[in-house]
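Only one structure is covered here, and it is reproduced in the block below.
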Number of protein chains: 2
Amino acid sequence: MAERAADVVNDVLAALADPTRRHLLDLLSASGQASATTLADGLPVSRQAVAKHLAVLDAAGLVESVKVGREVRYAVRPEALETTARWMAALAADWDRRLARIKRFAEAAEQDRHHPKE
Amino acid sequence: MAERAADVVNDVLAALADPTRRHLLDLLSASGQASATTLADGLPVSRQAVAKHLAVLDAAGLVESVKVGREVRYAVRPEALETTARWMAALAADWDRRLARIKRFAEAAEQDRHHPKE
DNA sequence: TGAATGTGCAACCCCAAGGTTGCGCGACGC
DNA sequence: GCGTCGCGCAACCTTGGGGTTGCACATTCA
């Protein structure tokens, strides 16, 4: 149902806020594909904890899952991350724009202080 | 003491995970400069809650504060956000690279299934 | 068929994070 | 000098998120 970009960004930011989830994404992007049980081996937490994290990452669109027999393989999915990266870059650019405007304005005011009504 | 980039990213992501803080940043970038009390007027939370959020944003390097008489003005600071945006874009690019590699590998294997030892 | 493996679901625990109220103090304006 | 305005600090409450254990259900393989 084509989630709005703002929602994607919201979910992605919430998902990336947790260090364990970022670590999971690292492991996934390195191995290409892995199950919850496998991933739990490389982390100091239980399989269920990993499964919960994967559910969050899935809801955020950062990973996708494929059932293979009795196991579930997860893989990284770049789109949501790219969307968020662009959102963030645009935001930073906007801030820069606004700050530049304010700086010019302040300089103009400074000029006026020295040469009013010129 | 020049915080490491990884730490900056960590703090920024944690800070941006909260919707109220993102809203605060919006208000700040729009007004250019504002105090905790002023900002609290535009939000459904108390001044102290806003002050706590501003402290988090400050620790993440997303805002800076200037004392003006008895009040404290906050303003947006783009560097940390830009650093994080770049980190995220690089991560997305890395995922794309890896996925492309895997895809090529899978296609090569598919070829071998049809024309082994060619 | 039966043991072993990989999951999912549910109940539960714990603590940090977001929020509030109350108060004391420095800075302004009259 | 005195009210008031803006802040900071501290104590406190409550919720949700991260974590765990236990168990039931599929799938694989001997």
Side-chain angles (χ1 to χ4, degrees), chain A residues 7-28 31-76 80 84, chain B residues 7-28 31-76 80 84:
Chain A
D7 296 329
V8 173
V9 168
N10 184 44
D11 293 349
V12 169
L13 287 177
L16 291 183
D18 186 286
T20 303
R21 280 196 285 268
R22 292 203 299 276
H23 194 195
L24 268 177
L25 290 174
D26 275 346
L27 292 176
L28 270 184
S31 65
Q33 191 154 312
S35 68
T37 304
T38 304
L39 289 166
D41 290 340
L43 290 172
V45 295
S46 67
R47 177 196 48 101
Q48 287 84 344
V50 171
K52 282 191 190 177
H53 283 306
L54 287 172
V56 172
L57 292 173
D58 189 29
L62 287 168
V63 302
E64 64 187 351
S65 64
V66 183
K67 262 201 107 169
V68 180
R70 70 183 157 189
E71 64 180 309
V72 180
R73 306 266 180 80
Y74 288 85
V76 126
T84 306
Chain B
D7 297 329
V8 173
V9 168
N10 183 44
D11 292 349
V12 169
L13 287 176
L16 291 182
D18 186 289
T20 302
R21 280 196 286 268
R22 291 203 299 276
H23 195 194
L24 270 177
L25 291 174
D26 275 345
L27 291 177
L28 271 184
S31 66
Q33 191 153 314
S35 67
T37 304
T38 304
L39 290 166
D41 290 340
L43 290 173
V45 295
S46 67
R47 172 189 60 92
Q48 286 84 344
V50 171
K52 282 190 190 177
H53 282 307
L54 287 172
V56 173
L57 292 172
D58 188 28
L62 287 168
V63 302
E64 64 187 351
S65 65
V66 183
K67 264 200 105 169
V68 180
R70 70 182 157 190
E71 63 182 310
V72 180
R73 305 265 180 79
Y74 289 84
V76 125
T84 306

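Computation of the quantities below employed the complete heavy-atom set of this structure, encompassing side-chain atoms and omitting hydrogens, waters and symmetry-equivalent molecules. This is a predicted model, so every value here is computed, not measured. Each chain gets a letter, A, B and so on, in the order the sequences are listed, and its residues count up from 1.
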Exercise for the section: Please determine, for the side chain of Val45(B), which listed nucleotide (dG8(D), dT20(C), dT7(C)) has the closest atom? Expected result: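 So the side chain of Val45(B) is nearest to dT20(C).
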
Has the side chain of [X] got a donor or acceptor atom sitting under 3.5 Å from an opposite partner on the base of [N]?
| X | N | answer |
| --- | --- | --- |
| Arg70(B) | dC5(D) | yes |
| Gln48(B) | dG22(C) | yes |
| Arg47(A) | dG8(C) | yes |
| Lys52(A) | dG19(D) | yes |

Measure [atom1]/[X] against [atom2]/[N] and give the value in whole Å, please.
| X | N | atom1 | atom2 | answer |
| --- | --- | --- | --- | --- |
| Leu13(B) | dA17(C) | CG | P | 15 Å |
| Asp58(A) | dG8(C) | CG | C1' | 14 Å |
| Asp41(A) | dG6(C) | CG | C1' | 12 Å |
| His23(A) | dG18(D) | NE2 | P | 17 Å |
| Leu54(A) | dG6(C) | CG | P | 15 Å |
| Arg73(B) | dA27(C) | CZ | C1' | 14 Å |

I want to check one thing: is the phosphate of [N], taken as OP1 and OP2, less than 4.0 Å away from some side-chain N or O of [X]?
| X | N | result |
| --- | --- | --- |
| Thr20(A) | dG19(D) | yes |
| Thr37(A) | dG6(C) | no |
| Ser35(B) | dC7(D) | yes |
| His53(A) | dG17(D) | no |

Problem - Sole candidate of Leu57(B), Val72(B), Leu54(B) that passes side chain to side chain contact (heavy atoms under 4.5 Å, CB included) when paired with Ser65(B) - result: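 The residue from Leu57(B), Val72(B), Leu54(B) that satisfies side chain to side chain contact (heavy atoms under 4.5 Å, CB included) with Ser65(B) turns out to be Val72(B).
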
Exercise for the section: Identify whether any heavy atom of Ala36(A) sits under 4.0 Å from a base atom; if not, whether one sits that close to sugar-phosphate; answer base, sugar-phosphate or nothing. Expected result: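 Sugar-phosphate, no base atom in range.
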
Practice task
Tell me what Arg21(A) touches on the nucleic acid: a base, only sugar-phosphate, or nothing, going by heavy atoms under 4.0 Å.
Solution key: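 Result for Arg21(A) = sugar-phosphate.
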
Handout entry: Reported OG1-to-CG distance for the pair Thr38(A) and Leu28(A), which is rounded to 0.5 angstrom
Key =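 Result: 10.0 Å between the selected atoms.
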
Practice task
Check whether any side-chain heavy atom of Leu16(A) sits under 4.5 Å from a side-chain heavy atom of Thr84(A), and report yes or no.
Solution key: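 SC-SC contact between Leu16(A) and Thr84(A) ruled out.
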
Problem - Residue pair Leu13(A) / Arg22(B), side-chain heavy-atom distance below 4.5 Å - result: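 Leu13(A) reaches Arg22(B) side chain to side chain.
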
Exercise for the section: Please figure out whether Lys67(A) or Ser46(A) has its closest DNA chain D nucleotide nearer the 5' end. Expected result: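 Nearer the 5' end of the strand: Ser46(A).
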
Problem - Under 3.5 Å donor-acceptor, Arg21(B) side chain and Ala15(B) backbone - result: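 Between the backbone of Ala15(B) and the side chain of Arg21(B) there is a qualifying donor-acceptor contact (under 3.5 Å).
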
